[in-house]
K.L.:
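Mind looking over this structure? Questions follow.
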Amino acid sequence: MNKAYYILAVFLLLLGIGLVILPDREHYDEASPRELLSDLRNPSRFISTDKVAEMIIDQDPTLLLVDVRDMYDFLDYSLPGAHSIPLEEILMYNWVDSLSYDRSKIVLFSNSDILADQAWILLKRENHNNIHIMKGGLNCWFETIIQPSPPAETSADEEIDLYQFRKGASIYFLGGTAAVEQETGSQTVVVKRKNKTKVVEGGC
Amino acid sequence: MTGPLIPMGIIGQGWDLVIALLIGMAFGYVLESAGFSSSRKLAGIFYGYDFTVLRVFFTAAITAMVGLLYFGYMGWIDLSMIYVNPTFLIAAIVGGLVMGLGFIAGGYCPGTSMCGVAIGKIDAMVFTGGMFVGILIFSEAFPLIQGIYESHSLGAVKVNEVLGLSTGTFALLLIIIALLTFFITRIVENKVKKVEY
């Protein structure tokens with residue numbers, strides 16, 4: 001038999017032995033677990049509803065709001081200018097371009113933090129940057145922005161300022177009706193007529 | 001860059017037919033140059049006078065296997081994204097028997113019959129005609145054989161997983177089996193009377 005065949009056979013055998021000896025190696029094209037852990041523990045991955053409201057009102061061009069709830073919930077109610085990318089579709093290639101645009105601040109939100117958090121982890125594994133979660137989700141959005149509760153009268157100035165901002169934002173998002181309702185309340189003006197004093201009888 | 005190129009979106013999905021055409025042309029060229037358009041050479045494996053087919057396809061299989069595993073180790077390809085054909089046990093056995101019978105009777109397998117047609121072999125043309133008749137019968141009779149076709153689905157299993165071996169160990173075993181096969185078939189070929197074709 002040809003000598004070349006023997007050389008090739010030995011070469012193949014060596015390659016085969018190499019495959020047995022080589023340790024299993026995991027490849028992470030995605031973020032490594034260590035990086036993921038440090039990102040997970042970094043509180044800056046959350047962004048408050050106030051900050052989101054401020055960015056929407058300022059019409060910040062870098063803001064990309066992503067609603068990760070399903071399409072029905074999205075159609076029902078969502079934040080102005082939000083895009084709908086349901087959690088199941090978040091890894092689809094259609095979204096790669098918009099989600100990997102580095103200069104945008106991507107804010108994920110759902111009803112609470114849960115879905116958004118899952119989407120955040122998936123996108124982080126895919127090495128997307130600038131991904132944030134709207135803290136508390138839409139539930140918190142309603143509590144803080146749409147129907148803010150007034151602070152106690154003894155609160156610090158910052159809290160009162162924040163409340164003022166939230167009320168302003170509420171008017172912005174609801175088109176002013178909320179404020180009117182709050183202002184009118186159920187105060188009824190009671191007109192009290194003074195009893196007519198009797199004509200003085202007699203004279204001096 | 002990490003493969004596989006199409007599932008990873010590096011090459012658009014629209015290109016797969018173009019790539020298939022190019023690979024098909026190269027494959028056909030290699031088959032023809034290796035003499036695989038001769039039904040006698042192909043049928044030789046069943047009569048024991050020519051094991052070239054076995055050696056060529058076994059070599060191709062282990063080369064591709066070793067290449068893929070090393071590429072996977074180097075991180076050049078994501079092996080978890082490679083499509084693994086699902087196994088339907090009964091259908092595979094029945095299909096294998098039918099294919100084997102067709103192979104031994106006609107002297108071609110589907111790919112090599114096309115090679116034969118390309119160089120104008122009449123037996124290959126008849127074989128290809130028969131193949132299309134077979135496809136027609138299969139399609140028309142599909143409701144009858146659907147039960148067999150879909151039974152015993154094992155999913156996308158790999159042999160090493162079924163045997164409980166690591167990928168590397170199984171690869172080494174397969175290489176040893178391949179080399180032994182090459183060696184033994186050579187001995188058989190030398191002992192069997194030479195057939196001129």
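Labels below follow one simple rule: chain letters A, B, ... track the order of the sequence lines, proteins then strands, and each chain is numbered from 1.
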K.L.:
For chain A, which residues of residues 158-173 of chain B have at least one non-hydrogen atom nearer than 4.5 Å to it?
P.N.:
B:Gly168, B:Thr169, B:Ala171, B:Leu172

K.L.:
Does the pair B:Glu189/B:Arg55 count as a salt bridge with the N-to-O cut at 4.0 Å?
P.N.:
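Judged by the 4.0 Å cut-off on N to carboxylate O distance, B:Glu189 and B:Arg55 do form a salt bridge.
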
K.L.:
For B:Leu68 versus B:Leu79, what's the shortest heavy-atom pair and its separation?
P.N.:
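Nearest pair, atom of B:Leu68 first, then B:Leu79: O-CD2, 3.8 Å.
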
K.L.:
Aromatic ring centroids of B:Phe103 and B:Tyr108 under 6.0 Å?
P.N.:
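They do not qualify: ring centres at least 6.0 Å apart.
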
K.L.:
Mind listing the closest non-hydrogen atom pair of B:Ile62 and B:Ala178 along with its distance?
P.N.:
CD1-CB, 3.8 Å

K.L.:
Measuring centre to centre across the rings, with the benzene-like ring taken for any Trp, is A:Trp120 within less than 6.0 Å of A:Phe46?
P.N.:
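Centroid separation for A:Trp120 and A:Phe46: 6.0 Å or greater.
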
K.L.:
I want to know whether A:Tyr77 and A:Phe142 have ring centres closer than 6.0 Å.
P.N.:
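A:Tyr77 vs A:Phe142: aromatic centres under 6.0 Å.
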
